[in-house]
Amino acid sequence: EQAYKVCIQSHWMSTTRLLSYLKMYESLCNNNSACKATEIKSVIKRILKKMSQSGNVVYQRALQTLYEKSKYNYQCDERYIALAYNFLLYYETCDGCRALIEQIDDRVHRCESAFRASYFMTLTRACDAYHYYSQAESKNGALGGGLLHHNERDIVCPVMDYVSSSDPSKTPRFKDDIQKIHSMVETYLDTHKEKAFLSAMQEPARFYYNLCNNIVYRDHVNVHGLNGYLCIIEGSLGCKLPIVAMKDDPDVYKGCCNHWKGLTRNAWEEVFSKEENFGKQYEGMTGITNTSSDATMLRSNVHGQRKAETFLRNIRNGTDARYDKHANRFAFFFRKEFLVKKMFEFLNQSEEFRMVSSTLFVLYKTCASIEDGEDILSWLYNNDDYILNIDRAETFFGWCGICVLDEASYDLMKYKQKNDENILFDVSTEPLGKRHTHKRFLSLHSVLPKRWRHDDLKK
């Protein structure tokens, strides 16, 4: 099978919005005292009161259980949950709180893996609530700014190299624009990674177990099996998802196996690799009819492994090649032909992205061989059928420090300094320095509304 090349730079594969959020939680909690148990009970009651669910014992028990279990899990922190609850109280909508609490109640009373899923889901949803609330209060637009905008990074990419060498006085302005682009891309890639995980790992496994009439394991793929698949992706590609693997899960074999050995090539080519099925559950995919007895897609019955951590160790050591196909088919969705088109078309729906990309394109034209009359859309859609030019879009994203440029796209890039001497940046390699160098976060009260007083959370 053809080996697929990931078109984005490796640091985009290894970072997620959740990791940024966890750094924020750590900074805020280290610089501020945690809530007391009595205060947590008060916050929970106020969340339920806000939802008009003051007497809902089930909701109250779910939130209290999540907080209490976080105290005794070595990979969790009850202080983070306390802060998350306050974010939910002040920034999440009633419907959003209700949907989240119902998911918490479904998971928190079950096994360790399900509990951890509810823990990280709560942290993410709470920060998302603040993030989008702050956007609504600012002029930053629909996708940029907010919490992630406080999470400043040292940016090393061709556009910043060009600005710093040609006109250093404009560096802060263009750094802010690139920061916004990177924040939008990080948000999009989180969703793209999750969809790729569904299409290459989780849903083919569920489909495989369903064909084998193993309903128990089918229903545990997204609880235990996913921990093994997450380790396969991390060990092979260095990719992290906004889902944190439980690497010591003793029940990972319940839902994790070499499903691509058990499924035929037809299952991949006719169903799971199709763009119209990307990110869907197998029950709703085009090409699957009678899922209980489709002999054309079932090859053999295979067995799972015991520990997720074993996957990670063996794959990193190069001692287990059985799951190379899994990683390769995950990488299929990160080819430039697939990812660049989807990413640009999604981001271009945002008014802020259109504004920022147009501003950057003006600079791009001065250092590339592009006519002055061109705007970014006419340059990218340079045909009668109005089809996106993938190479040009990849080149622009590469200039912004997102894509790794292949040889064809690299030839399109010609940078010029003030003396009109051409300079070529080595955009085919990883940027120097650390992209995620986090400055000290603001104080806790700087990210919370003024009405948050001492009775809610101690300084």
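All values below come from the heavy atoms of this structure, side chains included, with hydrogens, waters and symmetry mates left out.
Looking at K23 and E26, no side-chain N of the basic residue comes within less than 4.0 Å of a carboxylate O on the acidic one, giving no salt bridge. Look at E269 and K274 and you find no salt bridge, because none of the NZ, NE, NH1 or NH2 atoms lies under 4.0 Å from a carboxylate O. A salt bridge links D95 with R98: the distance from a Lys NZ or Arg NE/NH1/NH2 to an Asp or Glu carboxylate oxygen falls below 4.0 Å. The pair E394-K336 meets the salt-bridge criterion, with a side-chain N (NZ, NE, NH1 or NH2) lying under 4.0 Å from an Asp/Glu carboxylate O.
Ring geometry for W379 against F361 counts as tilted: the plane angle lies between 30° and 60°, on a 0 to 90° scale.
Looking at M184 and E352, their side chains come closer than 4.5 Å, going by heavy atoms from C-beta outward.
In summary, of the residues considered (E203, Q202, Q281), a side-chain contact (heavy atoms from CB on, under 4.5 Å) with N222 occurs for Q202 alone.
Distance alone, capped at 3.5 Å, is enough to place a donor-acceptor pair between the R354 side chain and the Q349 backbone. No side-chain donor-acceptor contact under 3.5 Å links K261 to the backbone of C257.
In this structure, F397 has no ring-ring contact (aromatic ring centres under 6.0 Å, His included) partners at least two apart in sequence or on a different chain.
Checked against a 6.0 Å centroid threshold, the rings of H182 and W12 count as neighbours.
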Name each donor-acceptor pair under 3.5 Å that joins a side chain in residues 194-201 to protein atoms two or more places apart or in another chain, with its distance.
| from | atom 1 | to | atom 2 | distance (Å) |
| --- | --- | --- | --- | --- |
| S199 | OG | K195 | O | 3.3 |
| S199 | OG | G279 | N | 2.9 |

